[in-house]
Amino acid sequence: MKIKDAIRLENGEYILQKLLNKDRVWLHLNDELEVGKEFFDIYEKVKGGYPIEYVFKEVEFFSDKFYIEEGVLIPRDDTEVVVEKAIEIVKKLKNPLVVDCCTGSGVIAIEIAKHTNAKVIATDISEKALEVAKKNVKLHNVNVEVKKCNFFCEGGDVLVANPPYVENTHKKPNPYEPDIAFFGGDDGLDIVKNLIQRAKDKFLYAVIEIGYNQKKNLSEFLEKEKLKYEFFNDLGGRVRGVVIEF
């Protein structure tokens, strides 16, 4: 198969760019060249459902490139609106302390640190996640402290989290990402509710990502807790998160 045929395949152009360390212009100027066996091995692996982000240990988020590897949740574009909402709140505060709970690869914490003057702490209970987050902090040269904590080790001004919020019966997008990063109970809100209750006396605000179908259940819980809250949508117009004022 020649390059001109390979780049028509799903992810074909990206795979070739990474394998050959060439840009798309070079590929199109040299599209009569034959592709090697390694291309087909990777293409078939990805076609079979293995995340391409894990293959090349790279993911793009908030227009930046981050390190990622198997065992850590792959950041999604939908989470970018959570970061934007958090930055909006953080910028209104003086010398804020932000805690990014369930940090995973650390992308939320890093983007907040890059776009505000906040002191940022990133926490997780997964050793693999903490290892990846530390690599990304070093890669982006930001002042983010990475700590192993169950939710958070200390309070602050703003709590940000993309916690596990998927219903236990829901099928994961692929079998390779860790269950611990996805599942949050029968209705998906066990960890979210626990996190909110723990944060009540520790933070001024919380910005938490949730599922598009969890607004009603979470609203009832927040009303019982007598908390001030506001939901926000992603770019697709679906509920993506909630801002809580304690």
Side-chain angles (χ1 to χ4, degrees), residues 73 75-76 78-104 106-109 111-112 116 118-126 129 145 147-170 179-246:
L73 181 75
R76 267 66 170 184
D78 287 337
T79 301
E80 292 184 1
V81 70
V82 178
V83 177
E84 290 170 353
K85 185 62 68 171
I87 289 172
E88 180 185 315
I89 292 170
V90 170
K91 283 186 173 180
K92 295 177 182 177
L93 304 175
K94 186 176 181 180
N95 301 320
L97 171 59
V98 177
V99 177
D100 172 34
C101 167
C102 310
T103 196
V107 296
I108 293 177
E111 291 300 342
I112 291 173
T116 73
K119 177 183 178 184
V120 183
I121 298 173
T123 70
D124 211 299
I125 58 171
S126 163
E145 186 178 0
K147 290 185 176 183
K148 184 175 183 179
C149 302
N150 183 16
F151 291 140
F152 47 85
C153 305
E154 61 200 271
D157 297 296
V158 182
L159 175 71
V160 187
N162 177 14
Y165 60 77
V166 176
E167 297 91 337
N168 288 347
T169 55
H170 193 81
D179 288 355
I180 193 175
F182 276 95
F183 299 117
D186 291 339
D187 67 353
L189 289 172
D190 288 359
I191 294 171
V192 172
K193 291 176 180 177
N194 192 355
L195 179 59
I196 292 169
Q197 287 177 322
R198 290 179 180 224
K200 272 199 302 187
D201 301 320
K202 302 287 187 181
F203 294 88
L204 301 176
Y205 298 92
V207 184
I208 303 173
E209 181 167 339
I210 63 168
Y212 71 93
N213 60 342
Q214 295 173 330
K215 181 177 179 179
K216 183 177 181 294
N217 286 352
L218 188 56
S219 294
E220 292 172 356
F221 169 77
L222 293 169
E223 291 291 341
K224 287 179 182 176
E225 294 290 320
K226 295 181 170 55
L227 294 172
K228 185 177 178 181
Y229 62 93
E230 182 179 357
F231 293 95
F232 58 91
N233 297 341
D234 58 25
L235 294 178
R238 303 199 302 180
V239 171
R240 181 54 53 187
V242 61
V243 175
I244 303 168
E245 186 174 345
F246 296 115

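- Taking every heavy atom of both residues into account, Asp190 and Gly185 meet most closely at OD2-CA, 3.4 Å.
- Looking at Leu218, Asn217, Val82 one by one, the single match for side chain to side chain contact (heavy atoms under 4.5 Å, CB included) with Ile210 turns out to be Leu218.
- Residues Leu195 and Cys101 form a side-chain contact, since some pair of their non-hydrogen atoms from C-beta on lies under 4.5 Å apart.
- The OH atom of Tyr212 lies 11.5 Å from the CG atom of Asp234; values are rounded to the nearest 0.5 Å.
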- [ ] Walk me through it: do Phe221 and Leu227 pass the test side-chain contact (heavy atoms from CB on, under 4.5 Å)?
- [x] CA-CA 9 Å; Phe221 169 77; Leu227 294 172; 5.6 Å; no
Open item on the list: Apply side-chain contact (heavy atoms from CB on, under 4.5 Å) to residues Ile121 and Leu97 and explain how you reach the verdict.
Closed with: CA-CA 8 Å; Ile121 298 173; Leu97 171 59; 3.9 Å; yes
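- Under the side chain to side chain contact (heavy atoms under 4.5 Å, CB included) rule, Leu159 has a single partner from Tyr205, Phe151, Phe203, which is Phe203.
- Rounded to the nearest 0.5 Å, atoms CD1 (Ile208) and NZ (Lys85) are 14.5 Å apart.
- Environment of CG in Leu222: crowded, with over 12 heavy atoms of neighbouring residues, nucleotides or ligands closer than 6.0 Å.
- By the 4.5 Å heavy-atom criterion applied to side chains, Tyr229 and Glu223 are counted as neighbours.
- Put simply, the side chain of Val158 does not reach to within 4.5 Å of the side chain of Ile112, judged on heavy atoms.
- Counting heavy atoms from C-beta on, the side chains of Asn233 and Phe231 never come closer than 4.5 Å.
- Listed here is the closest heavy atom pair of Glu154 and Val99: O-CG2, 4.1 Å.
- Contact record, Ala86 with Val207: CA-CG2, 4.1 Å, taken as the closest heavy-atom pair.
- By the 4.5 Å heavy-atom criterion applied to side chains, Asn162 and Arg76 are not counted as neighbours.
- For the atom pair Asp100 CG and Phe152 CZ, the distance stands at 13.0 Å (nearest 0.5 Å).
- To the nearest 0.5 Å, the span separating CG on Asn150 from OG1 on Thr123 amounts to 9.0 Å.
- Here the shortest heavy-atom pairing between Ala206 and Phe246 reads CB-CE1, 3.6 Å.
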- [ ] Evaluate the criterion side-chain contact (heavy atoms from CB on, under 4.5 Å) for residue pair Gln214 and Val192; output intermediate values, then yes/no.
- [x] CA-CA 11 Å; Gln214 295 173 330; Val192 172; 5.6 Å; no
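- Note on Lys224 versus Glu220: no salt bridge recorded, every NZ/NE/NH1/NH2 to OD/OE distance being 4.0 Å or above.
- For the pair Asp157 (side chain) and Leu204 (backbone), a donor-acceptor distance under 3.5 Å is absent.
- Distance check: Ile108 CD1 to Glu209 CD gives 6.5 Å after rounding to the nearest 0.5 Å.
- For the atom pair CD1 (Ile191) and NZ (Lys193), the distance works out to 12.5 Å, reported to the nearest 0.5 Å.
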